[in-house]
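Following: one structure in structure tokens, then a few remarks.
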Amino acid sequence: MSVVALIKDTTAKAIKQLYGLELLPSEILVNETKPEFEGDYTIVLFSFVKQLKKSPDSIGTELGNYISTNYPNLCSSFSIIKGFLNLSITPTYWINFLQQNVANTAFGTQPSNGEKVMVEYSSPNTNKPLHLGHLRNNFLGWSIAEILKANGYDVIKTCIVNDRGIHICKSMIAWQMFANGATPQSTNTKGDHFVGDYYVQFNNEYKKQVEALIATGVSKEDAEKQAPILKATQQMLLDWEAGKPDVINLWNNMNNWVYEGFNATYTTIGSDFDKVYYESNTYLLGKSIVEKGLEKNVFFKKEDGSVWIDLTPDGLDEKVVMRKDGTSVYITQDIGLAEQKQNEFNANQSIYVVGDEQNYHFKVLKLICQKLQLPSADGIYHLSYGMVELPTGKMKSREGTVVDADDLVDEMIAISQHKTEELGKVKDFTEDELKSLYNTIGLGALKFFLLRVDPKKKMIFNPEESIDFHGFTGPFIQYTHARIKSILRKFSNDFITTSLSASIQHSLLLLEKELIIQLEQFPLIIKEAAEFHDPSKIAIYIFELAKIFNSFYSEHSITNAENEEKKLLRLQLAQLTAHVLHKGMALLGIQVPDRM
RNA sequence: GGCCCCGUAGUUCAAUGGAUAGAAUAGAAGUUUCCUAAACUUUAGAUACAAGUUCGAUUCUUGUCGGGGCUACCA
């Protein structure tokens, strides 16, 4: 149990003993004591005042006395300042904690809880290369999956590829018109970029044709509908749905080019999936659901044959679930896919990592599933994250203001190479080791940058300023880890299992204690990160830990400690710190090097 | 029009209704005969505005101003 949980439990017991009042531990507010006051953890007394009808000071005195006399191993002394009860935790408690966990490779993680969670993320569109927004999505999805695993969940990572529809046909038409049989191989272009370029060409040509039509006197609205290239695209979609062989062939070819490109990017950034769904296989799903919904009167049919659901009683709109031509729409496909996933995996929860522009969509999705009483309904959770914006506003592919994922990754790796070479600390590395190190640092900086902020909030990326390698960054933590490792390398691992003598508690220094206190919080942070679906809690936590360690490192020597006992204590502190940094970064999908 | 989200140092981000609003970076000043200076130490700088709720408000309520999203028989 964490100290905070222990303090809450103890306080609840004390209040029951002293006043006969039953409180849940969760109703008790415990914070770290502000550094300017004496003590380690603080109980906020104000919330008890009303129920106990006593002054904060007298409650504090009675509580403090009770806890310090009945739990002398936990609390050595206390003070009350302005309604806050500051507890000093005994050094023995901290030393015991360190001894119990220094050799525990599972420190921070929970055993299996038997629950299954699906995490859907990435979900790319096959006619656009990945951009910065996709990176945030991928890193978030991956990290959430890892965090859930660390909390004992069985996690299945999935991806739905948006591989069909009118937009895909646009790239295909443009390729037919302009490519002269070119391929990614013949042009030496990455497949996803190759196809993406034709999508851009389509839009350029379309614009030209519309302008030409307007010049002949056609209204803008009509011109946008009549442009020959658009007509051809619409025809192609019909041909695709009819299964016309040459269209299907082209579609297959172009998609395979894209997948080759995506896979290269996924490999570089370390993303993968346990199960990939393709919309071309799932777009017909959901029809039986529409019928079921009609039977149950959840849906109703309009005169033209289209099927709707009325969500006005829930404060939303009427929503179409099947077109008049009998085809299913986006939301219906999603209901179908949710059911398919449920049948296939029977997970307790299904998390969708999707941008906050789709908040409304997922609200509707969950609501409809609930009204249909589908088993998947209650497990649907939309992990809504904010857009990555530029200082000038939203990224727009049409205006060429998109930050390309591959470009950015390459740039980050190049910068890390440049900085590493400048510092010249790893001149003995082989080519392969260097390459891997540049990747680790460059991607570490990028991932940390995107994961260190609250996922719910939109964030701003300024392409003019490169992502930092100093301060609240991935490389800062990687560097701290490498520094620890270089010390630990000099010692045999015996120190991990050696017991500290009891007397060490009398000489625990402030920075040593701060380090232990921070280390002790790791399991709690992992739990909170899962509960709030928020990897930034881990990023902030390991940064704090690294900072404390660095202060400690510059203040006190490990190798040349005052005596052998101190050296042992500090080695163990360094060992556990390295483990937590390593594990915490792994939860963000970031590796830590032993040297850099 | 309706619904939803957001306004915190120059900049990028923190702060389950709790103590004097924390960091990082940029700025100023320092630290290397000693475990990696991608580090450490010191310093200056912010809650858009106005009311309300209360012991206490960046946080909750209302209004004003500013920014964004959604409101497709596209996905």
Side-chain angles (χ1 to χ4, degrees), chain A residues 26 29 31 33-34 36-37 42 44-47 49-50 56 81-84 86 123 125 160 162 164-168 279 283 302 304-308 315-317 319-325 327-331 333-334 355-361 363 384 386-387 389 391 393-394 416 419-420 422-423 425-426 441 445 449 452-454 456-462 465 467-480 482-490 528 532 536-537 539-540 543-544 546-547 549-561 570 574 595-596:
Chain A
S26 58
L29 188 59
N31 294 326
T33 304
K34 300 254 170 192
E36 55 269 34
F37 300 108
T42 296
V44 181
L45 299 169
F46 294 103
S47 47
V49 170
K50 263 183 214 156
I81 298 164
K82 293 200 288 182
F84 298 90
N86 300 328
S123 305
N125 185 317
I160 169 85
N162 182 357
R164 65 160 283 281
I166 190 88
H167 48 293
I168 310 299
E279 200 193 301
Y283 83 108
K302 288 198 177 175
D304 62 2
S306 59
V307 180
W308 296 72
L316 305 172
D317 303 319
K319 199 80 192 164
V320 68
V321 293
M322 195 169 78
R323 298 187 186 95
K324 63 182 172 217
D325 63 7
T327 56
S328 43
V329 295
Y330 177 37
I331 192 107
Q333 292 168 35
D334 263 6
D356 61 9
E357 58 199 353
Q358 295 202 38
N359 284 353
Y360 184 74
H361 172 78
K363 211 168 161 182
S384 160
M387 298 285 106
E389 292 184 4
K394 218 180 161 185
S416 78
K419 298 209 183 223
T420 305
E422 225 171 42
L423 291 167
K425 292 177 183 176
V426 287
I441 298 174
F449 176 80
R452 67 179 192 179
V453 305
D454 184 340
K456 288 191 291 295
K457 297 192 177 168
K458 71 174 179 199
M459 60 184 294
I460 308 239
F461 172 77
N462 188 350
E465 303 165 7
I467 293 171
D468 226 311
F469 283 62
H470 301 270
F472 186 18
T473 67
F476 173 90
I477 291 157
Q478 291 172 323
Y479 173 72
T480 307
R483 245 182 4 176
I484 296 174
K485 280 295 185 184
S486 82
I487 299 170
L488 298 182
R489 259 197 301 279
K490 294 188 292 191
E528 280 180 11
F532 295 98
S536 76
K537 291 193 184 298
I540 292 166
F543 171 61
E544 279 303 319
K547 257 203 311 188
F549 184 86
N550 282 332
S551 296
F552 162 76
Y553 175 95
S554 60
E555 199 71 25
H556 308 293
S557 176
I558 294 172
T559 319
N560 301 314
R570 289 178 187 168
R595 289 182 57 195
M596 64 186 276

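Chain naming here is simple, since letters A, B, ... match the order of the sequence lines and numbering starts at 1 in each. When reading the values below, keep in mind they use all heavy atoms of this one structure, side chains included, and skip hydrogens, waters and symmetry mates.
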Roughly how many Å apart are [M] and [N], using the [atom1] atom of each and rounding to a whole number?
| N | M | atom1 | result |
| --- | --- | --- | --- |
| B:rU12 | B:rG2 | P | 31 Å |
| B:rC65 | B:rA28 | P | 41 Å |
| B:rU58 | B:rA50 | P | 13 Å |
| B:rU47 | B:rG7 | C1' | 10 Å |
| B:rU64 | B:rA24 | C1' | 34 Å |
| B:rG10 | B:rC49 | P | 13 Å |
| B:rG45 | B:rA26 | C1' | 12 Å |
| B:rA29 | B:rU53 | C1' | 47 Å |

* Asked: Are A:Ser557 and B:rC35 close enough that a side-chain N or O sits under 4.0 Å from OP1 or OP2?
  -> no
Atom [atom1] of [X] and atom [atom2] of [N]: how far apart are they, to the nearest Å?
| X | N | atom1 | atom2 | answer |
| --- | --- | --- | --- | --- |
| A:Asp468 | B:rU12 | CG | P | 14 Å |
| A:Ile81 | B:rA19 | CD1 | P | 13 Å |
| A:Glu528 | B:rA15 | CD | C1' | 13 Å |
| A:Lys34 | B:rA19 | NZ | P | 5 Å |
| A:Lys537 | B:rA14 | NZ | C1' | 10 Å |
| A:Met459 | B:rG7 | CE | P | 15 Å |
| A:Glu544 | B:rC13 | CD | C1' | 13 Å |
| A:Arg452 | B:rU25 | CZ | P | 10 Å |

* To do: Tell me, please, whether A:Phe543 has A:Arg452 positioned over its six-membered ring: NZ or CZ under 6.0 Å from the ring centre and within 45 degrees of its axis?
  => no
* Is any side-chain N of the basic residue among A:Lys456 and A:Asp454 closer than 4.0 Å to the acidic one's carboxylate O? -> yes
* Asked: Less than 4.0 Å between a side-chain N and a carboxylate O, is that true for A:Glu422 and A:Lys419?
  -> no
* **Toward the 5' end of RNA chain B, by each residue's nearest nucleotide, A:Lys419 or A:Asn31** => A:Asn31
* Who passes side-chain contact (heavy atoms from CB on, under 4.5 Å) against A:Ile558, sequence neighbours left out? -> A:Ile487, A:Phe549, A:Phe552, A:Arg570, A:Leu571, A:Ala574
* Identify, with sequence neighbours excluded, every residue that meets side-chain contact (heavy atoms from CB on, under 4.5 Å) alongside A:Asn162. => A:Asn125, A:His167, A:Glu279
Once you apply a heavy-atom cut-off of 4.0 Å, does [X] come out as touching a base, just sugar-phosphate, or nothing?
| X | answer |
| --- | --- |
| A:Leu423 | base |
| A:Leu316 | nothing |
| A:Asp334 | nothing |
| A:Val44 | base |
| A:Lys363 | nothing |

* Establish, from distance only, whether the side-chain atoms of A:Asn550 and A:Thr480 form a donor-acceptor pair under 3.5 Å. => yes
Taking all non-hydrogen atoms of both residues into account, name the closest pair between [X] and [Y] and its distance.
| X | Y | answer |
| --- | --- | --- |
| A:Ala546 | A:Ile477 | CB-CG1, 4.1 Å |
| A:Asp356 | A:Gly386 | OD2-CA, 3.5 Å |
| A:Gln478 | A:Met596 | C-SD, 3.5 Å |

* Asked: By centroid distance (under 5.5 Å) and plane angle (under 30°), are A:Phe46 and B:rG56 in a stacked arrangement?
  -> no
* Asked: For A:Phe84 and B:rG18, are the ring centres under 5.5 Å apart with planes inclined under 30°?
  -> no
* How does protein contact run along nucleotides 68-75 of chain B, one letter per nucleotide 5' to 3', with B for base contact, S for sugar-phosphate only, - for none, heavy atoms under 4.0 Å? -> -SSS-BSB
* When you get a sec, tell me which of B:rG7, B:rA19, B:rU12 is the closest nucleotide to the side chain of A:Phe37? => B:rA19
* Step by step, work out the side-chain contact (heavy atoms from CB on, under 4.5 Å) result for A:Val44 and A:Phe84. => CA-CA 5 Å; A:Val44 181; A:Phe84 298 90; 4.0 Å; yes
Atom pairs, N/O to N/O, protein against nucleotides 39-43 of chain B, distance under 3.5 Å?
unit_1 : atom_1 : unit_2   : atom_2 : d
B:rA39 : OP1    : A:Gly471 : N      : 3.3
B:rA39 : OP2    : A:His470 : ND1    : 2.9
B:rA39 : O3'    : A:Asn550 : ND2    : 3.4
B:rA39 : O2'    : A:Arg483 : NH2    : 2.9
B:rC40 : O2'    : A:Ser554 : OG     : 3.2
B:rU41 : OP1    : A:Ser551 : OG     : 2.9

* **All salt bridge (charged side-chain N to carboxylate O under 4.0 Å, His left out) counterparts of A:Lys34, not counting sequence neighbours** => none
* Could you tell me whether a side-chain N or O of A:Arg323 sits under 3.5 Å from a main-chain N or O of A:Ser306, the two making a donor and an acceptor? => no
* Treat a base pair as Watson-Crick or G-U wobble with both distances under 3.5 Å, then lay out RNA chain B in dot-bracket form, 5' to 3', with | for cross-strand pairs. => (((((((..((((....[...)))).(((((.......)))))....(((((..]....))))))))))))....
* Determine the interplanar angle of the A:Phe449 and A:Phe461 rings, folded into 0 to 90°, and report it as parallel if under 30°, tilted if 30 to 60°, perpendicular if over 60°. => perpendicular
